[in-house]
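The structure displayed is predicted, hence computed values, not measured ones. In this chain, numbering begins with 1 at the start of the sequence shown. Ligands are counted one by one from 1 in listed order, and the atoms in each one are counted from 1 as well.
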Amino acid sequence: MSTVPTIALNNGVSIPQLGFGVYQIPPEETKETTLAALEVGYRHIDTAQMYGNEQGVGEAVRASGLDRSDVFVTSKLNNGFHAHDDAIKAFDTSLETLGFDHLDLFLIHWPLPGIDVDFVETWQALEEIYRTGRAKSIGVSNFQPSHLRRLIQETQIVPAVNQIEVHPYLAQEDLRAVDAEHGVATEAWSPIAQGLVLDNPTITGIASEQGKTAAQVVLRWHIQRGDIVFPKSVTRSRIEENFDLFDFELSDGDMGLITALDKGQRLGPDPDTFNYIP
Ligand code: NDP
């Protein structure tokens, strides 16, 4: 079985650099699919209140027979719960739905800079949760440099991670550098751009030279950049393929060629203007 490297977060907690994402996995399929990922060897699962499938994640961890402490589980605060008390309650609901007594990582899913509740208030709620030990680490998602800088200036705990959209068409060199400057680990969401980059000739060319698939080359690019990734798939063969990244290496030249594919193309909303509350 492949050995997945770990990354040390700024509070000393270790996170497996490769995990499994469950966005868009229907709730009724989540237990079975997550269990398949755990069988393949993944030990890090990324879910969110918004995905509606936390229950299946918790069931899969229990059904796997693994110790809870052997699986790193992340969830994220839904957009409607940014007010302090709502955030605490929503966190409790996540634990209940997952059937866990703690989360390994809990994130503010979106900064929502245009809503009435300032994300600084939301973060203070997460700081309280962290101090109880029920979230072993806390972080943010979709924070732009200005959001991150303000949070760090105005609160006590530096986020452990910033989970942002990153793939070869959105390489995020600047935001990753801001994260690194503050000791915040970058997590790359939609790491294979939901499949969009897989027929790019630069990527398929490198893949055929390496005898690997395009998805493996893109995921390996993330790993060598030092980001944390959690590709999603409901397909067993792809779940296996995406885990098989540790028997080859990309040259500096190939790394540069992939980074140069950046065209600032987002799949998701722009965090500066996204203020959606369900
Ligand atoms: P991914 O980049 O992981 O791509 C998933 C898609 O690619 C699916 O359609 C899957 O198909 C397909 N796929 C997976 N592996 C392969 C492969 N080896 N070859 C070809 N196609 C493949 O996209 P996601 O948007 O799911 O991102 C990953 C995770 O990031 C999410 O699950 C979630 O945990 C997180 N995320 C976080 C966000 C945030 O705002 N914080 C936003 C979006 C995602 P199939 O399933 O049919 O096999």
message: Please verify the inter-ring angle class for H147 with F119; under 30° counts as parallel, over 60° as perpendicular, anything in between as tilted.
response: perpendicular

query: Which atoms of ligand 1 have any heavy atom of S141 under 4.0 Å away?
result: 39 (C), 41 (N)

- prompt: ligand 1 versus W110, non-hydrogen atoms closer than 4.0 Å: side chain, backbone, both, neither?
  reply: side chain

query: When you look for heavy atoms under 4.0 Å from ligand 1, do you find them on the side chain of A193, its backbone, both, or neither?
result: backbone

query: At a non-hydrogen distance cut-off of under 4.0 Å, which region of A215 contacts ligand 1 (side chain, backbone, both, or neither)?
result: side chain

- prompt: What do you reckon, does V234 have a nitrogen or oxygen under 3.5 Å from a nitrogen or oxygen of ligand 1?
  reply: yes

task: Check if Q24 has a non-hydrogen atom at a distance under 4.0 Å from any atom of ligand 1.
output: no

task: With heavy atoms under 4.0 Å as the rule, classify the contact between E241 and ligand 1 as side chain, backbone, both or neither.
output: side chain

- request: Would you tell me which option among S190, P271, G21, G19 has the nearest heavy-atom contact to atom 27 (O) of ligand 1?
  value: S190

- prompt: At a non-hydrogen distance cut-off of under 4.0 Å, which region of I25 contacts ligand 1 (side chain, backbone, both, or neither)?
  reply: neither

- prompt: Where does L198 meet ligand 1, judged by heavy-atom distances below 4.0 Å: at the side chain, the backbone, both, or neither?
  reply: side chain

- prompt: So between R238, E240, H109, whose heavy atom ends up nearest atom 45 (P) of ligand 1?
  reply: R238

Any N/O pair K76/ligand 1 closer than 3.5 Å: no

- prompt: Counting only N and O atoms by type, is there a donor-acceptor contact under 3.5 Å from the side chain of T132 to the main-chain atoms of I129?
  reply: yes

- request: Report the part of N142 (side chain from C-beta onward, or backbone N, CA, C, O) that has a heavy atom under 4.0 Å from ligand 1; answer both or neither where that applies.
  value: side chain

query: What part of H167, side chain, backbone, both or neither, has a heavy atom within less than 4.0 angstrom of ligand 1?
result: neither

